[in-house]
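Data first, discussion second: the structure below is written as structure tokens.
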Amino acid sequence: MRTTSRVLTIIAAASLWACKSRPVEYGVSVFSTDTIPVEFTVTVTGSLGLGLRADGFQMRPDKSLVLATPAQMLVSSGDGTARIESIKGGRLAVQPLGLDSGADTNTVEGQVVMLTKPPEKRVVTLKTEKP
């Protein structure tokens, strides 16, 4: 019985350590402003590396990627900009990760939203652009 409790203690400690060592994700959530899903493209400049989670992915003949809402874009490395542009379905609502769904203060809506990740900072800024 004593060995079993030691093993369980070690497993619990290892699990706790593994959870603490993972950095908190940051980036943005991309939604439709309506109930209809929106298809959008992302154009990245600089050394910005993004991880993508989306309801759907599609490759165009020119090798650009089309995503569908709802989606998340996670900053994985670098700095630069990402131009998030609606191409079919309507306007986008882009919100930094970590906000509760009722917090509209940092949500940006538009056909084109520009995400900027400055060097050496763990933050993203959003602003609406003209199409």
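Residue numbers count from 1 along this sequence. Keep in mind that what you see is a predicted model, and the values were worked out from it rather than measured.
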Do any pairs count as a salt bridge (charged side-chain N to carboxylate O under 4.0 Å, His left out) and have a residue in residues 72-84, sequence neighbours left out, and if so which ones?
Arg83-Glu85

Salt bridge (charged side-chain N to carboxylate O under 4.0 Å, His left out) pairs touching residues 42-52, sequence neighbours excluded, are none

If you group Ile, Leu, Val, Met, Phe, Trp and Tyr whenever their side-chain heavy atoms sit less than 4.5 Å apart, what else falls in with Val66?
Ile87

For Met59, which fellow cluster members are found when Ile, Leu, Val, Met, Phe, Trp and Tyr are connected by side-chain heavy-atom distances below 4.5 angstrom, either directly or through intermediates?
none

Looking at Pro37, is its backbone amide N or carbonyl O close enough to the side chain of Thr69 to form a donor-acceptor pair, meaning the two atoms are under 3.5 Å apart?
no

Donor-acceptor contact below 3.5 Å, side chain Thr33 vs main chain Glu109
no

Does some side-chain heavy atom of Val42 sit less than 4.5 Å from a side-chain heavy atom of Leu115?
no

Straight-line distance of [X] [atom1] to [Y] [atom2], nearest 0.5 Å:
X: Thr107; Y: Leu92; atom1: OG1; atom2: CG; result: 12.5 Å
X: Leu50; Y: Ser77; atom1: CG; atom2: OG; result: 8.5 Å
X: Ser86; Y: Gln111; atom1: OG; atom2: CD; result: 4.5 Å

Can you name the nearest heavy-atom pair linking Gly110 to Thr128, along with the distance?
CA-CG2, 4.3 Å

Which pair of non-hydrogen atoms, one from Gly27 and one from Val124, has the smallest distance, and what is that distance?
O-CG2, 3.9 Å

Looking at residues at least two apart in the chain, or sitting in another chain, which of them share a side-chain contact (heavy atoms from CB on, under 4.5 Å) with [X]?
X: Lys121; value: Pro118, Val123
X: Ala71; value: Val30, Phe40, Ala54
X: Val113; value: Val94, Val108, Leu126

Would [X] and [Y] show up in the same hydrophobic cluster when neighbours are defined by side-chain heavy atoms closer than 4.5 Å?
X: Val28; Y: Met114; answer: no
X: Phe31; Y: Leu67; answer: no
X: Tyr26; Y: Met73; answer: yes

Excluding sequence neighbours, so at least two apart, what forms side chain to side chain donor-acceptor pair (under 3.5 Å) with Glu129?
none

Residues 37-56 vs side-chain hydrogen bond (donor to acceptor under 3.5 Å, both in side chains), sequence neighbours excluded, gives Glu25-Arg53, Thr45-Thr81, Arg53-Gln72

Is it the case that Ser64 and Asp62 place a side-chain donor and acceptor less than 3.5 Å from each other?
yes

